[in-house]
Amino acid sequence: MTSTSKTILDASTIVVVGDTEWTEAYTVALREQFDVTAQTALTVEAARETLQHTAVDCVVTDYRLPEQTGVDLVRHIRETTITLPIILGTADGSETIASEAIEAGVTDYIAVTDPLEETVDDALRRTGQALRDAQRTDTQRERARQFDATFHDTRSATWVLDPDGTLTRVNQAARDMIDADADAVVGDPFWTLPWWPDDTQTSDDVRQLVETARQGAFGHVVVTEDGVTGERVLELSVQPVTNERGEPVSIIADSVDITDRVDLERELRQSEELHRVTLNNMTDTVLMTDEDGEYTYVCPNVHFIFGYTADEIRDLGTIDNLLGEDLFDREELAAEGVLKNIETTATDKAGREHTLLVNVREVDIQDGTVLYSCRDITKRKQREQALATLQETARDFLYAETHQEIAQHIVDDTPDVLGLDASAVYLFDANDNTLQPASHSQALRDAHGPLPDVHADGRDLVSHSFVENEALFFDDVHDADGLANPATDIRSAAYIPLGNHGVFIAGATAVGAFDDVTRELADLLAATAEAALDRVSRESQLREQDRELQRQNDQLSTLNRINETIREIDQALVAAETREEIDHTVCERLTADDRFRFAWIGTRDDSGEVVTPRAWAGAGQGYLDTQSFPVSEENVEPAGRTADTGEVIHVSNVAADLRASPWRSDAISRDLLSVLSVPLVYNGLSYGVLTVYAETPEAFDETVQTVLTELGETIAAAISASERKQALLTTSMTRVEYAIDESSFVLTQLAAAAECTLTYEGGVQQTASGSNVFVTVDDAPLDTVVDATDSLTVVEDVQRIRGGDSGGVLRLRLSEPFLATELADHGAVLRSATATGGDTTVVVDLPSSVEVRHATKLLADKFNTVNLVSKQTREQSSEHGFYASVLDRLTDRQLEVLETAYYSGFFESPRKATGEAVADSLDISPQAFYQHIRTAQRKLFGTLVDDHTPVATQHAD
């Protein structure tokens, strides 16, 4: 049954967790003895679910629970609250369980014992005690929160003192009042703290205030605090805090900032003087009249606007004489009480007109009934008009397309925007690093004189403003350092940079022409102009980029056409069999599909003084028939100049200098308006001149010139290859003998060094770094010649092939191509070369397709003195073609082995060298030597047998 007297258990909500005998008995006792809400839960999860949805005052749990323990439940609850009382009981009590429970945060621990009734009574008692302790803790926390809220109030400074008056705690508001560490003075007497002035009177007042609190009374005192925010006046009060026995345990000191109140009193005392000073110095003028317009009050500062003294204003008569008649409607004023922002004009004592903004108000001050407040807005009106003009200027800038146009607009609009007649604009020329006057007013020229170019070195005012990007304003420019023209009549001056574009100059002959408004407008004008100049620069850059892109597209299209032509020509050159076919193919391809208008190839005649056409194609319209092409550097047809100089000759516009060159008239009449002539040169030999014409000027840009020049080299190489091929097929050839005087020739050097006779035997094999050459030595031991090669850098290695003290055969490895290789590149064959002392003889076989002068020129370019000794025409035997076909079948290594064996005497009978000796000279094994020899022999006999035409054999009957 329910208890008749109320206890703390009544009206409480308690959750009992567990299914044990004592928890069941405990629950029954709760419900019978108290007006309590007792809920039960069997598991930890059920208990947590109840706690989530119900306001619970206490939890009583058994240690043994399904799956988890009561300690686990304590831990779960403590994750969310530390104030809820939790009592854990167990019949299996142990120190371990008790320790776990206490560590988990249990409020009380019950050891369940017999009899059960005593355990239940003990649990009820402990539950009540736990609820009381929790309630007391909540009360204390609430009071602490209330005190903390008061203590941390940012509106007032609060200190907590010990009963003896020493500081124990201070709030943030008090900390912010001083520029010191408040924690450092904790424990000091309150009257010695840094909040109070360092004087005896204040210290005594604060000490007495603390003593009043110690006696249990309330007290207050006014003190001055000189803190981080300035001097403040505080009303300091103290309140003692006592315990339940009435003994003081602390003192609360609180302050109220009464600085504003003190200042207000001070301000009120100064009000009259303040108003008097204000009226004397403000720029607005206040006037008061009666109903007839007679002055009852004139503001002392009336001269600021009108230039008159107060007495002179009164002498002018009524206010209508000053501000004009019909300034406002009397009936409207009577209805509204105040009329604002009436715009009117008035003339000052000096005759200058001012624009005024007048407010009119009905008043009743002594004899005055109408109050006038006048504000001078002349500058503002000027600024509005200047801004309107500046807006028009900005619109003009939108249509300007050049920097020069913008500069002229700036100068034209400066008088309307700034009210100044003298102005100029300098624009920066990056190429010369100078600032050049782009535009100027006549007034500036009259006052200053001609404007020179200014070097951008930062020395004078114009240059300094530009280089330092600094706007310069001078009330009197004559006082400024860096004035380039001391004789100028300009006094007031402004130099304002226009970004990277230049400098804007404005000025006047009077001193002090730039007030704040004029400076602001000058900056606005310069900024607007700079933006316009930036726009023009960007648009100019974009247009240039478009033009450049178009040029690149045109070049790309041209290059594509040229490359297509070159590919076609390269393919045709590969298939061409003869020089005539090469010449005609090139001309036809260059003029196909209107690529070029006309093209021809010519070579020097036998005299070497005239270029003779060999092949042509295109719309020449008989141009070659009208011209002769002399070989000369003079002002002749480009083909003749190229033949003479060996250089590319370009005529971009045939029509230029028409009278000085007769060939130009014939070219123009056939629409040949630009010309490019390129030499056909390969390995130092000229194969003629290619000349190409176009029907437009400037048709051959650098890219086209480069491509056609490279084409000339390709054509010459193809012609050279064709001649070498013809040389192998022709049966007619010319044998030429030359006497050479050249000490640098390798055979000449070696013969002189060894004092012997050296004869080139053939067998030249070209390598990546030079050549291998077989030579015969006469009149000297081989060792002498081998030793002599040590002094020749051109000889990298020497190998004995056969012979000894009376001569023999050597193989020389040279670091550079041998003469036979260079001649072979042009279709010529070095038949022999003999060097004895200082005399060297060279015999060369030339096919009919190779001119003798080509070989002569090649030798003359290589040696100092070349003399033609003899020349004879001979029929070449059919074995020459057979020899070429054999060489085509042999690899370089097989040929090297075969030649070494041949010159070693391996094939002679009896043999002069064994296979092992030849293999050793080649630094290969005997097996490899015999394999190469057998392969070479098989290819040789294969060529002989396979290419031999069968002959019918007749047998006698």
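Please read all numbers here as calculations on a predicted model, not as lab measurements.
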Is it the case that the side chain of Thr107 and the backbone of Ile86 share a donor-acceptor pair, with hydrogens and angles ignored and the cut-off at 3.5 Å?
yes
Side-chain donor-acceptor pairs under 3.5 Å in residues 15-22, sequence neighbours left out?
residue : atom : partner : partner atom : Å
Thr20   : OG1  : Trp22   : NE1          : 3.4
Thr20   : OG1  : Thr23   : N            : 3.3
Thr20   : OG1  : Thr23   : OG1          : 2.9
Trp22   : NE1  : Asp62   : OD1          : 2.7

Side-chain donor/acceptor of Thr81 to backbone N/O of Arg78, under 3.5 Å:
no
Can you list every pair that meets salt bridge (Lys or Arg N to Asp or Glu O under 4.0 Å) and has a residue in residues 89-110, with sequence neighbours left out?
Arg64-Asp92, Asp108-Arg126
Check this for me: Asp364, atom CG, are more than 12 non-hydrogen atoms of other residues, nucleotides or ligands nearer than 6.0 Å?
no
Partners meeting side-chain contact (heavy atoms from CB on, under 4.5 Å) with Asp199 (sequence neighbours left out)
Pro197, Gln201, Thr202
Any donor and acceptor pair, going by atom type alone, linking the side chain of Trp191 with main-chain N or O of Leu209 inside 3.5 Å?
no
Do Thr518 and Asp515 have side-chain N/O donor and acceptor atoms under 3.5 Å apart?
yes
Would a distance-only check, ignoring hydrogens and angles, find a side-chain to backbone donor-acceptor pair under 3.5 Å from Thr7 to Leu9?
yes
Strictly by modelled atom types, are Gln129 and Arg132 linked by a side-chain donor-acceptor pair under 3.5 Å?
yes
Interatomic spacing from CG in Asp72 to NE2 in His76 - rounded to 0.5 Å
5.5 Å
Regarding Glu79 and Arg75, does a basic nitrogen lie under 4.0 Å from an acidic carboxylate oxygen?
no
Under 3.5 Å: donor-acceptor pair, side chain of Ser250, backbone of Asp162:
no
Measure the CD1-OG1 distance between Ile14 and Thr27 for me, rounded to the nearest 0.5 Å.
9.5 Å
Salt bridge flag under 4.0 Å for residues Asp516 and Arg519:
no
